[in-house]
Amino acid sequence: MNERVSKNEPVEEISFDEHDELINPRADECDFDRVVESAISRRGFLGGVLAFGGASLLASTSSLVAPGEASAAPNRFGFAPVAANTNDTITVPAGYNWHMPIRWGDPLWSGVPEFDRDTLTADIQAKTFGDNNDGMDLFVDGDKQILVVNNEYTNRSLMYGNRDSGLPETADDAMKGKAAHGVSVVEVMENDGKWEIVKDSAYNRRITADTPMELTGPAAGHDLMKTAADPTGTKSLGTWNNCGNGRTPWGTYLACEENFNGYFSAADGGHEPSAELRRYGVSSKDWGYGWAKVDERFDVSKHPNEPNRAGYVVEIDPLDPTSTPKKRTALGRFKHENAEVLVNVDGRIVVYMGDDERGEFLYKFVSTGFYAEGASTDDLLTNGTLYVAKFDDSGRGRWLALTPATTGMKDEAEIAIHTRLAGSAVGATTMDRPEWVASNPVKAEVYCALTNNKNRGLKPNAGGDPTPVGGPNPRENNRYGQIVRWRPVGGDHAAADFEWDLFVLAGNPTVHSDDRSGSTNVNEGNMFNSPDGIIFDSKGLLWIQTDGNYSNEKDFAGQGNNQMLVGDPATGEIRRFLVGPKECEVTGMCWSADRKTIFVGIQHPGERGNSHFPDGGKSVPRSGVIAVRRDDGAQIG
Ligand code: FEO
Ligand code: CA
Ligand code: CA
């Protein structure tokens, strides 16, 4: 969800962050010492080289680029950039084409009715593709290709557009919402360049907010995980608000639970959840989903431990539709964006993860055991150490281990459950909303999209940690976002130390001439705001998806709809590849087995009522997955 800001807008139209802040207002960050300290550190960081943050930050980039890299071919993109626009369709470069094989409500089995928003029931929704697709990946089993796609949330005004209130009004309405969340597993096949769903495939599966899950890792069985329905604290029901994703070397899919808090409420409106739950934004008011009315476990006054069982990374075996998904508590509990999994040089598994909320942290998990192909992998996401990032202003940083000794917390289970509190305890760097993390396949270098943070330098995070301007978060009231990257010392992802710089500081050089103009690789022809999904292709090019302000006016004039760009880490050049339809975000991407198709997620077109994508006319807009191919049939990326 992007940054939609007005207290006068209905709850429907504001982001989860805005909702959390309305319920739990942050204090202004007015401490005099802190303001002075941040100003000094910012001056020190800029070093007086140039007045504008972006340009000087990028200056340090050159030292990280190997001499040969920048002078290679003129560009490696293979396409001419497309112009920003506000059309209610997809725009791709000349020589490319697109179609949309999968949409919200498409049946996965025969005999299930085709999509009709006004007659869609919970039962039908549970047998069809979920809503608001986000992260995804493709798995191959012999000659079969299976797409696994997160269904993050629903827009109530679209899902319940058949109700006068635009909200769930019946029990089936609320159950339909639960069934629209989760993960869709869908076999797909290509006929003459067009992809389609293979109905009745043995792989097809819907995982929803009611699917049984196994809790694993340090938090499993802990008292804080026990509920009336599960006195063992080892089994939970469902996954929801699955944002970005990950993929393990052993062929499983990771679905990351992000804004899990917005589904809990209390029949007793005066109920005050614990401080630990409030750190995650859990309150007596939900976000308009009404799940507690049909499923008491979402009533936090009656079942205060239930929210402790959400906010994890969920491992799913996409090739076994009977398998039980596993919540991996060792990877911590926060508003998980995605999970970037690597095999380190020594064989340990490293998972990089962002916590997407203003002023929250960036994490890394390092397994205790070592990966060996064919050997058991169950322990690798169960036992290990969680770290949180601390950036300094001079281009270096350090991973701080979260242990009972460093955090003062009682045991590993509490760290796994109250991970944000652990990060605060060790003084982690408060970030500008860490979204996706992506690892460069051609070198030991990792990128994270920091999407935006209007509170930077102005308000603390939900835990009261200050958000000083500086380091990788160099702009007060950051409306445009940036992408930070780091290189572990010695190419060892398990190492404590790293070097960092900014790959890009987004901005609008046609409107601003200060640091809001962006870094030197941002210009009138490629400008954008709010980088979110970032994914490397096999050549080491970085695909950048946006979820930002699409007003196309004022600070955002000329930037058009949300979009997808490609950046070259070696040269810093960025080109726009795709523009989405009105009021969508572009999120999630993967390749077909032959790499001739890229699948791209289009989420919430018309979230404010101004799109009829993809069917046009007066149709209900639908999220879905598009397939993009080259006219000449060549591979992409
Ligand atoms: Fe679901 Fe942080 O985006
Ligand atoms: Ca988003
Ligand atoms: Ca996102």
Side-chain angles (χ1 to χ4, degrees), residues 1-4 14-21 130-137 149-155 180-183 239-246 254-263 280-281 287 310-314 333-340 352-363 420 431-438 447-455 461-462 478 481-484 506 528-535 542-550 562-565 580 584-590 600-604 607 623 625:
M1 259 168 284
N2 71 8
E3 193 176 352
R4 296 173 280 275
I14 65 173
S15 70
F16 274 102
D17 267 16
E18 294 294 343
H19 182 73
D20 290 347
E21 286 193 27
D131 199 5
N132 277 17
N133 48 283
D134 205 301
M136 62 179 155
D137 210 339
V149 189
N150 288 345
N151 296 114
E152 188 182 24
Y153 70 105
T154 64
N155 296 90
H181 284 69
V183 180
T239 182
W240 56 91
N241 212 287
N242 304 93
C243 189
N245 66 297
L254 302 177
C256 304
E257 297 179 333
E258 192 185 20
N259 291 293
F260 65 90
N261 58 303
Y263 301 80
Y280 289 90
W287 215 55
Y312 296 105
V313 173
V314 184
R333 175 169 164 268
F334 41 91
K335 294 185 178 179
H336 279 283
E337 184 70 23
N338 80 327
E340 180 72 341
Y352 288 105
M353 302 168 285
D355 181 355
D356 179 11
E357 186 175 310
R358 298 187 187 106
E360 289 297 340
F361 310 133
L362 179 65
Y363 295 88
R420 285 184 167 180
M431 307 295 284
D432 285 347
R433 294 186 54 198
E435 300 262 16
W436 291 51
V437 183
Y447 291 61
C448 179
L450 302 170
T451 196
N452 56 56
N453 182 1
K454 66 172 186 157
N455 291 347
N461 70 9
N478 174 19
Q482 62 269 14
I483 297 177
V484 64
F528 62 96
N529 71 87
S530 305
D532 187 340
I534 54 172
I535 295 135
L542 184 69
W543 295 67
I544 303 165
Q545 304 176 315
T546 72
D547 175 17
N549 187 305
Y550 44 69
N562 276 307
Q563 54 190 279
M564 183 161 78
L565 311 102
C584 80
E585 74 171 269
V586 181
T587 184
M589 179 180 178
C590 62
V600 179
I602 303 298
Q603 194 192 69
H604 64 64
E607 65 174 349
S623 297
V625 177

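Just follow the structure's listing: the first ligand is 1, and inside any ligand the first atom is 1.
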**Q** Which residue, Asp355, Asp356, Thr451, forms the side-chain hydrogen bond (donor to acceptor under 3.5 Å, both in side chains) with Arg433?
**A** Asp356

**Q** Are Lys335 and Glu337 ion-paired here, with the side-chain N under 4.0 Å from a carboxylate O?
**A** no

**Q** In Glu435, which N, O or S atom comes closest to the Ca ion (ligand 3)?
**A** OE1

**Q** Give the atom name of whichever N/O/S atom in Glu337 sits closest to the Ca ion (ligand 3).
**A** OE2

**Q** Do you see an N/O/S atom of Glu435, backbone or side chain, under 2.8 Å from atom 2 (Fe) of ligand 1?
**A** yes

**Q** With ring pair (Phe, Tyr, Trp, His ring centres under 6.0 Å) as the test, would you mind laying out the steps for His181 and Tyr263 before giving the verdict?
**A** CA-CA 11 Å; His181 284 69; Tyr263 301 80; 5.1 Å; yes

**Q** To 10°, measure the OE2(Glu152)-atom 1 (Fe) of ligand 1-SG(Cys243) angle for me.
**A** 100°

**Q** Please state whether the separation between atom 2 (Fe) of ligand 1 and some N/O/S atom of Asp356 is under 2.8 Å?
**A** yes

**Q** Return the orientation label for the Phe334 and Tyr363 ring planes: parallel under 30°, perpendicular over 60°, tilted otherwise.
**A** parallel

**Q** If the threshold is 4.0 Å, N to carboxylate O, is there a salt bridge linking Arg420 and Glu360?
**A** yes

**Q** To make sure I understand the geometry: which N, O or S atom in Glu258 is closest to atom 2 (Fe) of ligand 1?
**A** OE2

**Q** Are any N, O or S atoms from Asp532 nearer to the Ca ion (ligand 3) than 3.0 Å?
**A** yes

**Q** Give the name of the N/O/S atom in Glu337 that lies closest to atom 2 (Fe) of ligand 1.
**A** OE1

**Q** In terms of relative ring orientation, are Phe16 and Tyr153 parallel, tilted or perpendicular, with 30° and 60° separating the classes?
**A** perpendicular

**Q** Is atom 1 (Fe) of ligand 1 under 2.8 Å from any N, O or S atom of Asp134?
**A** no

**Q** Taking the basic N atoms (NZ, or NE/NH1/NH2) and the acidic carboxylate oxygens, is any pair closer than 4.0 Å for Asp432 and Arg358?
**A** no

